[in-house]
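Because only heavy atoms are used, hydrogens play no part in the values below, and waters and symmetry mates are left out as well, while side chains stay in.
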Amino acid sequence: MKELEMLAAIARDAELPSVADEAASLAERLSAGRFFVACVGQFKRGKSTVLNALVGDPVLPTGVTPVTSVVTILRYGAERRGTVFYTAGPNEEIPVEDVPLYVTGEHNHENVKGVAVVEVFLPAPLLARGLCLVDTPGIGSTFAANSEVTRAFVPHIDAALVVLGADPPISGDELALVLDVLRQVPNAIFVLNKADRLSSQDMRQAREFTERLIGEHLGRPVASPLEISALERIQSGATRDWDRLHDALVALNTDAAEILRHTRGGATDQAVAGRPRRTPRRPRQADSRVGGANRPPPAIGGRRRADAARARHPAGGRATPAVARIPGCLRERRQAGHEAVATELARIDTLRQRLDRVTAQS
Ligand SMILES: Nc1nc2c(ncn2[C@@H]2O[C@H](COP(=O)(O)OP(=O)(O)OP(=O)(O)O)[C@@H](O)[C@H]2O)c(=O)[nH]1
Ligand SMILES: [Mg+2]
């Protein structure tokens, strides 16, 4: 934490506001215990609807045409309110009802309003422990800019909720996104949404197909995606694998809280610096307990529920492998911050030398 604050200060001194902001925001997120789970996937798979159903509030705009065009962060707040962050200029406080005016292609075509991100504060229980759910523009639509926004955002997230569909099954674009996400993000939960539209036999085939295809491309077995219907959740309560999805998110967030607790007061720096961990790494297979795609499904019901409970309360206070991997993710980010600062400082040095030469010659 201290190192990040120092890094932010150095970057500010070096007049590198973007690096300073990144370091400061990471430090702030760590101290606030925030954990970003981004909902990603092809356009119209129902990402925004899934998030609305998870927070129990239809705050995100949804529809049959490509809708979301700006990254929107849902986070906990006692009062419903929104903040618009612009790429230039001061932030703007907005009522939650106005969110569509900033995040949809319809009201903010090609992002003429210059919105960087919109943050929405909601008193949703799922968000109360620092979990931030992030809505992203769908990939693969005719609006190429939407895909770019999402791809650029992926490296900044802690975990991904990948929304796939059964009809049509996973496309080339989606597969590319999935592989990209798995390369960059330590945890991912995969869901097949709109399950209400298919017979159980078609749904089973779609699950098997998706699982096999991703596994073949990754070169290792992956978990079967969860089968959900956001629409059913909104209209009639939790059906199918909805509770598993909910619990997988809670488990991820609890793991994140655990690591943050362990890492307060300098331990982060130890873990980040790669010195011996407090917790020994367990075999990769045990990762299944938090429900990533590269591991068996999220744990709910019977034996899986017990596994989830173990993941949340590791024996003897030992962190789970997922927890153990979070410092790695932070380390990469911090290293990237260091490298960015080093590169920029080198550039400044070169400029200074050139300036000196020009001054000496004149
Ligand atoms: N039948 C059914 N329809 C759904 C479900 N979830 C979402 N939809 C519908 O699918 C359409 C697209 O939903 P959105 O939530 O806007 O999809 P999105 O993935 O956020 O779309 P983009 O933001 O454009 O990428 C809407 O008409 C939703 O009502 C579901 O579980 N079942
Ligand atoms: Mg959307």
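At a threshold of 4.5 Å between side-chain heavy atoms, the hydrophobic network of Ile, Leu, Val, Met, Phe, Trp and Tyr places L218 and L164 in one connected group. Hydrophobic clustering of Ile, Leu, Val, Met, Phe, Trp and Tyr side chains at less than 4.5 Å, counting indirect connections, keeps V67 apart from I139. The hydrophobic clustering, which links ILVMFWY residues whose side-chain heavy atoms are closer than 4.5 Å, places V115 and V59 together. Note: the hydrophobic cluster containing L131 also contains V120 (ILVMFWY, side chain heavy atoms under 4.5 Å, direct or indirect links). There is no path of hydrophobic side-chain contacts, each under 4.5 Å, that joins F43 to V178.
Separating the CG atom in N111 from the OH atom in Y102 is a distance of 12.0 Å, to the nearest 0.5 Å. A distance of 12.0 Å separates OH of Y76 from CG of L126, quoted to the nearest 0.5 Å. A distance of 11.0 Å separates CG of L252 from CG of D247, quoted to the nearest 0.5 Å. Rounding to the nearest 0.5 Å gives a distance of 10.5 Å between CD1 of I73 and CG of L133. For the atom pair CG (D167) and NZ (K194), the distance works out to 10.0 Å, reported to the nearest 0.5 Å. Note that the CG atom of D135 and the CG atom of L60 stand 5.0 Å from one another [nearest 0.5 Å].
Under a 3.5 Å cut-off, the side chain of S236 and the backbone N or O of I234 do not form any donor-acceptor pair. Remark: the backbone N or O of G138 is not paired with any side-chain donor or acceptor of K44 at under 3.5 angstrom. With T87 contributing its side chain and A116 its backbone, the two residues share no donor-acceptor pair below 3.5 Å. When atom types are taken as modelled, the side chain of N187 and the backbone of A159 share no donor-acceptor pair closer than 3.5 angstrom. Under a 3.5 Å cut-off, the side chain of R207 and the backbone N or O of P225 do form a donor-acceptor pair. For the pair H217 (side chain) and L213 (backbone), a donor-acceptor distance under 3.5 Å is present.
Around CD of E110, the count of heavy atoms belonging to other residues, nucleotides or ligands within 6.0 Å does not exceed 12.
Under the 3.5 Å distance criterion, with hydrogens and angles disregarded, a donor-acceptor pair is assigned to the side chains of D196 and S229. T68 and S48 form a side-chain donor-acceptor contact under 3.5 Å, judged by distance and modelled atom types alone. Using modelled atom types, one finds no donor on one side chain facing an acceptor on the other under 3.5 Å when comparing T83 with E92.
Here the side chains of V40 and V163 are not in contact, with every heavy-atom distance at 4.5 Å or above. V134 places none of its side-chain heavy atoms less than 4.5 Å from the side chain of T72. Annotation: side chain of L245 is not in contact with side chain of D243 (no heavy-atom distance under 4.5 Å). Looking only at side-chain heavy atoms (C-beta outward), E97 and R80 come within less than 4.5 Å of each other. The side-chain heavy atoms of I94 and V99, taken from C-beta on, include a pair separated by under 4.5 Å. Counting heavy atoms from C-beta outward, I228 and V50 have side chains that approach closer than 4.5 Å. Between V185 and D158 the shortest side-chain heavy-atom distance does not fall below 4.5 Å. When side chains are defined from C-beta on, T210 counts as touching L192, because their heavy atoms get closer than 4.5 Å.
The cationic group of K113 does not satisfy the cation-pi geometry with Y86, failing either the under 6.0 Å distance to the six-membered ring centre or the 45° limit from the ring axis.
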Step by step, work out the side chain to side chain contact (heavy atoms under 4.5 Å, CB included) result for F190 and L161. CA-CA 6 Å; F190 285 71; L161 171 56; over 6 Å; no
Step by step, work out the side chain to side chain contact (heavy atoms under 4.5 Å, CB included) result for I157 and Q184. CA-CA 9 Å; I157 62 182; Q184 303 186 59; over 6 Å; no
Is there a side chain to side chain contact (heavy atoms under 4.5 Å, CB included) between L54 and L51? Walk through the geometry before answering. CA-CA 5 Å; L54 281 167; L51 294 183; 4.1 Å; yes
Candidate pair E232 and Q235, rule side chain to side chain contact (heavy atoms under 4.5 Å, CB included), full reasoning: CA-CA 5 Å; E232 282 178 357; Q235 288 169 355; 5.8 Å; no
Walk me through whether S171 and Q42 qualify under side-chain hydrogen bond (donor to acceptor under 3.5 Å, both in side chains). CA-CA 8 Å; S171 69; Q42 184 164 297; 2.6 Å; yes
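Nearest heavy-atom pair across A188 and L182 is CB-CD2, 3.9 Å. Here the closest heavy-atom approach between residue R45 and residue P169 is recorded as NH2-O, 3.6 Å. Here the closest non-hydrogen pair linking V181 and A160 is CG1-CB, 3.6 Å. Nearest heavy-atom pair, V96 versus G82, reported as atom, atom and distance to 0.1 Å: CG2-N, 4.2 Å. Looking at every heavy atom in both residues, A166 comes nearest to A206 through CB-CB, 3.6 Å. In terms of heavy atoms, N108 sits closest to L101 at CB-O, 3.8 Å.
Considering only residues two or more places apart in sequence or on other chains, E119 meets the side chain to side chain donor-acceptor pair (under 3.5 Å) condition with R75. Residues satisfying the side chain to side chain contact (heavy atoms under 4.5 Å, CB included) test with H109, not counting sequence neighbours, are F143.
Ion pairing between E227 and R244 fails under the 4.0 Å rule for side-chain N and carboxylate O.
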